[in-house]
Amino acid sequence: MSFPTDLEIAQNADIRHIREIAEKIGIHRDDLEYYGKYKAKIPLTYIDEEKIKKSKLVLVTAVNPTPAGEGKTTVSVGLCDGLNKIGKKAVAVLREPSLGPVFGIKGGAAGGGYAQVIPMVDINLHFTGDFAAIEKANNLLSALIDNNLQNKKFSLNIDPRTIVWKRVMDMNDRSLRQIVIGLGGSNNGITREEGFNITPASEVMAILCLSKNFVDLKNRLGNIFVGYTFDKKPVFARDLKAEGAMAILLKDAIKPNLVQTLEGNPAILHGGPFANIAQGTNTIIATKTGLSLADYVVTEAGFGADLGAEKFLHIKCHYGKMKPDAYVIVATIRALRYHGGATKKGEYGQPNLQFVKNGIDNLKKHIENAFKFGLKPIIALNHFATDADDEIEFVKSECEKLGVKAILADEFVHGGEGMRELAEEVVYCAANCGNDFQPLYNVEDTVEHKIETIAKEIYGADAVNYSQKSKAQLKTIYDLGFDKLPVCMAKTQKSLTDDETKIGRPTNFKVTVREFEFAAGAGFIIPILGDMMRMPGLPNIPAAEGMNIDLNGVITGLS
């Protein structure tokens, strides 16, 4: 008998009315804004700074992943269920999925097996419309920019060659990376080069995720840098009087979304930036809401710890004034095989102790990095049916040599029951491991120092090179006074380097900053390393090709 698909499990779930889930964490049903029976918005009034100080924040991150991902969200959901199994009041606080991966290669972001958030189909598609609102707010600013270029009476005199603001769409579409707009005559706007980013890479997404409240949101939107006038003066969204209308479009998107796990435990989903091209974690508002309502919050940071966790610690913790009480690194045997040389899908899915031995250094590097931040990690060894006993025991033994526990996470097949041991260790470590997070750099440091600290300490690079283009852009960052902002590296998730083919734990390498972008409203600088693109493309065989819906509305192929 074959194991049911994630979609089959979700469709057969005993899903409860969302008001029952809300009542479990003290939200009055009349305070919810309902989106049908199973989804609701939580008002911001539930944030309680005094309660936040008493609650425990658990950060879940991972090794550098295989192309299929290592189940970080699945482990996060399972850990939330496991904590509730052992009698703790816990909530999962996660990101919302993007349609790009859903219809591309990676699939949805609602977990999997018996560790999912539901309603899975709704969550993976349009959900409560947050992404659509972000997209509209972003593109409203684009429309206002182009309208001002053509406006003879109220022109800001913007030089179209200097405009850095791009339109966004929540889909993988490489043909939109570089385009020309305004063709067809003077009534159709000013002809200029333009491009699209994917919605998770929008600065509006980053702003939503880092805003403390609605006033902060509006101020940050006004601080978005647009470009320069012909006489070299900087232009911001506030100069176009855009922030008020943009904020109106986000009036509901700013509120976190309440759903549930398969086991009927609360889950808050809000925001969805990628970790390779953005900060890779949910909103400060959602995390603080969770900490106000539960004793334990399980949250995740996208891709490997060199991306999502580093950004969580240097950006989100900086603006949210928070720090993790427990730090979980998700590893899989198949990822260690992959980093040990089994780069073909058929290879890393087959037992091979030698490949695991070759690839263990990738995990060890992430463990060492955790200690640098003052955090003692717990390794969640996400279990797959192809894992061999000798491979599992080897990983446990190697972690033990570093003073770290590796615990088998069996949430996919057994849900919260398969996460009891990990949950117990998280509770113990949050209370007794002496975690005292300290950032690796000070935001007052130079931009170069911040980048080199991340590259050398987190990636293991020997040095950082800068292209001529990036050097000129770096001067602009200093001229505009943005140099005191945190750094958000855009880098491949597949490697510790900026070259995705260098797997494992590479040594004797340099990284290259190809160019810079900066998000003045969100509050960070974006060095772009290697060949990173902020608008992905679809694979040769997109996941969309395997999806269908029948006469009765039954969906297949979506997971």
Side-chain angles (χ1 to χ4, degrees), residues 61-72 101 104-106 201 274-280 300-314 329-345 347-349 355-370 372 377 379 382 395 440 451-467 470 487-515 526-534 536-537 539:
T61 184
V63 296
N64 294 94
T66 63
E70 304 322 302
K72 185 166 60 287
I105 187 171
K106 198 168 180 289
F274 292 161
N276 55 353
I277 53 178
Q279 76 267 41
E300 48 90 30
F303 290 128
D306 55 316
L307 287 167
E310 182 272 313
K311 294 170 183 180
F312 185 102
L313 297 169
H314 279 139
I329 300 174
V330 177
T332 62
I333 296 297
R334 68 179 189 178
L336 300 181
R337 294 183 197 130
Y338 177 84
H339 286 291
T343 53
K344 297 177 182 177
K345 189 171 183 179
E347 286 183 324
Y348 65 72
F355 279 141
V356 176
K357 288 181 177 180
N358 295 345
I360 192 70
D361 280 346
N362 185 270
L363 173 57
K364 287 181 177 179
K365 175 58 175 165
H366 291 296
I367 292 172
E368 292 169 17
N369 289 347
K372 291 179 182 180
I379 308 308
N382 196 17
V395 175
L440 298 187
I451 293 170
E452 287 171 16
T453 297
I454 295 169
K456 292 178 179 179
E457 296 295 329
I458 301 299
Y459 309 158
D462 295 328
V464 179
N465 293 327
Y466 295 86
S467 71
S470 72
V487 164
C488 183
M489 305 284 259
K491 179 186 78 72
T492 178
Q493 71 274 17
K494 297 178 183 178
S495 171
L496 285 162
T497 76
D498 56 3
D499 179 354
E500 66 177 46
T501 65
K502 293 180 179 178
I503 54 176
R505 181 179 181 170
T507 56
N508 302 316
F509 68 92
K510 299 177 182 179
V511 296
T512 299
V513 178
R514 188 186 83 224
E515 59 183 305
I526 309 165
I528 300 177
L529 307 188
D531 297 325
M532 285 306 299
M533 296 288 182
R534 289 164 63 81

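Atom set for the values below is all heavy atoms of this structure, side chains included, hydrogens, waters and symmetry mates excluded.
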Of all the heavy-atom pairs spanning Met489 and Val487, show the shortest one and how long it is. SD-CG1, 3.6 Å

Minimum heavy-atom distance Glu452-Val464, with the two atoms named: CG-CG2, 3.7 Å

Examine distances only and state if a side-chain atom of Thr332 and a backbone atom of Glu70 form a donor-acceptor pair shorter than 3.5 Å. no

Only one of Ile503, Val63, Asp306 clears side chain to side chain contact (heavy atoms under 4.5 Å, CB included) with Leu496; which? Asp306

Nearest heavy-atom neighbours spanning Thr61 and Ala305: OG1-CA, 3.1 Å

Donor-acceptor under 3.5 Å (Lys494 side chain, Pro67 main chain): no

Over all atoms of both residues, closest heavy-atom pair of Ala278 and Lys311: O-NZ, 2.9 Å

Shortest non-hydrogen pair, Tyr459 vs Phe509, comes out as O-CZ, 3.3 Å

List the atom of Pro506, the atom of Thr497, and the distance in Å for their closest heavy-atom pair. CG-CG2, 3.5 Å

Counterpart residues, side chain to side chain donor-acceptor pair (under 3.5 Å), relative to Glu515 (two or more places apart): Lys469

Who are the side-chain contact (heavy atoms from CB on, under 4.5 Å) partners of Ala275, not counting sequence neighbours? Phe303, Leu307

Which one of His339, His366, Glu500 satisfies the side-chain hydrogen bond (donor to acceptor under 3.5 Å, both in side chains) criterion with Asn64? His366

Any residue meeting side-chain contact (heavy atoms from CB on, under 4.5 Å) with Thr512, in chain and number order, not counting sequence neighbours: Asn465, Asp498

Would Glu347 and Thr343 count as a side-chain hydrogen bond (donor to acceptor under 3.5 Å, both in side chains) if you check the C-alpha gap in whole Å, the side-chain angles of each, and the deciding distance to 0.1 Å? CA-CA 7 Å; Glu347 286 183 324; Thr343 53; 4.6 Å; no

Nearest-0.5 Å distance, CD of residue Gln493 to OG1 of residue Thr66: 10.0 Å

Does any part of the side chain of Ile451, heavy atoms only, come nearer than 4.5 Å to the side chain of Val511, both counted from C-beta? no

Would a 4.5 Å heavy-atom cut-off, applied to side chains only, mark Asn508 and Asp462 as touching? yes

CD1-CZ distance between Ile360 and Arg505, expressed to the nearest 0.5 angstrom: 11.5 Å

Taken in chain and number order and not counting sequence neighbours, the residues that satisfy salt bridge (Lys or Arg N to Asp or Glu O under 4.0 Å) with Arg534 are Glu517

Kindly compute the distance separating CG (Asn276) from OG1 (Thr492), expressed to the nearest 0.5 Å. 7.5 Å

Which residues share a side-chain contact (heavy atoms from CB on, under 4.5 Å) with Lys372, sequence neighbours left out: Lys365, Asn369, Leu440, Glu457

In Å and rounded to the nearest 0.5 Å, what is the OG to CG distance from Ser495 to Leu529? 11.0 Å

Could you tell me whether the side chain of Tyr466 reaches within less than 4.5 Å of the side chain of Pro527, counting heavy atoms only? no

So, are Glu310 and Lys491 salt-bridged, with charged N and O less than 4.0 Å apart? no

For Lys510, enumerate each residue passing the side chain to side chain donor-acceptor pair (under 3.5 Å) test, keeping only those at least two apart in sequence or located in another chain. none

